[in-house]
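In the text below, chain A, chain B and the rest are named by the order of the sequence lines, each starting its count at 1.
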Amino acid sequence: MENFTPISSLIGGLMIGVSAALLLRLNGRIAGISGILSSLLPPWESGNGDTGWRLTFLGGLILGAAGYGLTTGGAPVVIEAGLPVLILGGLITGIGTRLGGGCTSGHGVCGIARFSGRSIAATVIFFTVTALTVFVTRHVLA
Amino acid sequence: MGKNAFRQLVALGAGLLFGAGLAVSQVTNPQKVLDFFDFAGHWDPSLALTFGGALLVTFFAFRPARSGRASGKGPALGGTYALPTKSDIDGSLLGGAALFGVGWGLVGLCVGPAVAALAFGEPKIYIFVAAMLCGTVLTKFAQTKSINRLKT
């Protein structure tokens with residue numbers, strides 16, 4: 001528990017919640033990042049007039065993190081995974097979030113608050129599988 | 001300022017807040033994420049507060065988006081709520097969620113934090129995001145193909 005950061009982690013969570021709330025209550029849109037990203041990628045569907053705000057939101061996402069990094073002297077990014085695992089992990093994250101129709105933001109933060117059965121099921125599954133994967137890689141294979 | 005410009009401004013503000021929130025809570029640090037899921041090791045419960053804090057806000061703010069309530073007032077800047085319409089819990093949802101879980105557990109990055117962490121200039125993040133985009137594009141093409149096959 002030596003790395004426990006309750007205050008900053010709670011504040012960050014509240015900021016994420018307020019962001020999702022603003023996007024929904026003002027613009028009527030769901031802050032599901034895998035969905036936002038996916039709809040900007042080919043093959044493009046016709047009649048999709050929502051490209052503008054999606055690009056703006058993703059730009060803001062990167063700038064927001066950059067702003068935090070610049071004002072605090074850099075945010076820590078420690079990645080244990082080597083190159084093959086990094087590529088495999090990225091690929092299946094891209095496949096899985098597309099097939100499952102969302103990730104932690106869309107299903108977890110927004111979907112659960114909508115009381116969506118699909119989102120609750122997806123969130124329970126990816127949290128469980130993630131914990132199992134961490135257990136296997138850190139305690140069984142290590 | 002027109003409503004469209006206002007909507008863009010909201011999208012920018014929401015993006016900034018989301019990205020800063022991810023960085024403040026350190027979900028952008030894969031090690032922090034893996035420590036949160038490592039119940040058998042040095043468990044770091046911090047991110048439970050992040051998820052809980054976000055849900056606490058959306059729980060109250062998403063009232064109009066809940067089943068059966070979408071018929072009420074629309075979003076403040078006009079238009080309608082664009083909400084997912086699917087309700088069936090199918091193999092694609094469950095299998096996709098499980099696959100995503102394996103990816104998240106292997107590296108410690110989910111989609112939003114991976115994109116936000118591009119800001120930190122770490123090459124490994126760029127490799128992960130490139131692979132992730134490839135995975136999504138491949139899946140989209142496969143899905144379009146199977147839909148077209150159903151149509152003919």
Which of [options] touches chain A most, by non-hydrogen pairs under 4.5 Å:
| options | answer |
| --- | --- |
| B:Gly41, B:Gly78, B:Gly103 | B:Gly103 |
| B:Leu16, B:Ile125, B:Leu99 | B:Leu16 |
| B:Gly52, B:Pro84, B:Ala117 | B:Pro84 |
| B:Ala119, B:Ala14, B:Gly91, B:Ala130 | B:Ala14 |
| B:Ala142, B:Gly79, B:Gly95, B:Ser87 | B:Ser87 |
| B:Cys134, B:Gly121, B:Cys110, B:Ala98 | B:Ala98 |

key: Heavy-atom closest pair, residues B:Phe100 and A:Thr104   =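 Taking B:Phe100 first and A:Thr104 second, the nearest heavy atoms are CZ-OG1, 3.7 Å.
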inquiry  = Side chains of B:Lys32 and A:Thr5 only: does a donor on one sit below 3.5 Å from an acceptor on the other?
reply    =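 The criterion, which ignores hydrogens and geometry beyond distance, is satisfied for A:Thr5 and B:Lys32.
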inquiry  = Hydrogens and angles aside, do B:Asp90 and B:Ser92 bring a side-chain donor and acceptor to less than 3.5 Å of each other?
reply    =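 There is no such pair (donor and acceptor under 3.5 Å, judged by atom type) between the side chains of B:Asp90 and B:Ser92.
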Looking at [options], which makes the most heavy-atom pairs under 4.5 Å with chain B?
| options | answer |
| --- | --- |
| A:Gly32, A:Gly35, A:Ala20 | A:Ala20 |
| A:Leu83, A:Ile125, A:Val78, A:Val124 | A:Val78 |
| A:Ile33, A:Thr130, A:Ile7 | A:Thr130 |
| A:Leu41, A:Leu91, A:Leu26 | A:Leu26 |
| A:Ala75, A:Ser105, A:Ala122, A:Pro76 | A:Pro76 |

Donor-acceptor pair, distance only, cut-off 3.5 Å: does the side chain of [X] make one with the backbone of [Y]?
| X | Y | answer |
| --- | --- | --- |
| B:Thr50 | A:Ser9 | yes |
| A:Thr56 | B:Gln8 | no |
| A:Arg118 | B:Asp88 | yes |
| B:Arg7 | B:Leu77 | yes |

inquiry  = I need the B:Thr28 OG1 to B:Leu118 CG distance, nearest 0.5 Å.
reply    =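 Result: 11.0 Å between the selected atoms.
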ask   = How many angstroms lie between atom CD1 of A:Ile79 and atom CD of B:Glu122, to the nearest 0.5 angstrom?
value =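 Nearest 0.5 Å value for the CD1-CD distance: 5.0 Å.
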Considering only heavy atoms, which portion of [X] lies under 4.5 Å from any heavy atom of chain A: side chain, backbone, both, or neither?
| X | value |
| --- | --- |
| B:Phe120 | side chain |
| B:Ile127 | side chain |
| B:Thr144 | side chain |
| B:Gln26 | side chain |
| B:Asp35 | both |
| B:Phe39 | side chain |
| B:Phe18 | both |

request  = Check whether any side-chain heavy atom of A:Ile16 lies under 4.5 Å from a side-chain heavy atom of B:Val57, and answer yes or no.
outcome  =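 They are not in contact (no side-chain heavy atoms under 4.5 Å apart), so the answer is no.
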query = Side chains of A:Phe57 and A:Ile36: does their closest heavy-atom pair fall under 4.5 Å?
reply =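 Result yes, sub-4.5 Å side-chain heavy-atom pair found.
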Under a 4.5 Å heavy-atom cut-off, does chain B meet the side chain of [X], its backbone, both or neither?
| X | answer |
| --- | --- |
| A:Thr137 | side chain |
| A:Leu37 | side chain |
| A:Thr123 | side chain |
| A:Tyr68 | side chain |

task = For ring pair (Phe, Tyr, Trp, His ring centres under 6.0 Å), just list the numbers for A:Phe135 and B:Phe37, CA-CA rounded to whole Å, side-chain angles, deciding distance to a tenth of an Å, and then say yes or no.
result = CA-CA 8 Å; A:Phe135 180 76; B:Phe37 283 106; over 10 Å; no
ask   = Got more than 12 heavy atoms from elsewhere within 6.0 Å of CG, B:Leu138?
value =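 Yes - once you tally the heavy atoms of other residues, nucleotides and ligands closer than 6.0 Å, there are more than 12.
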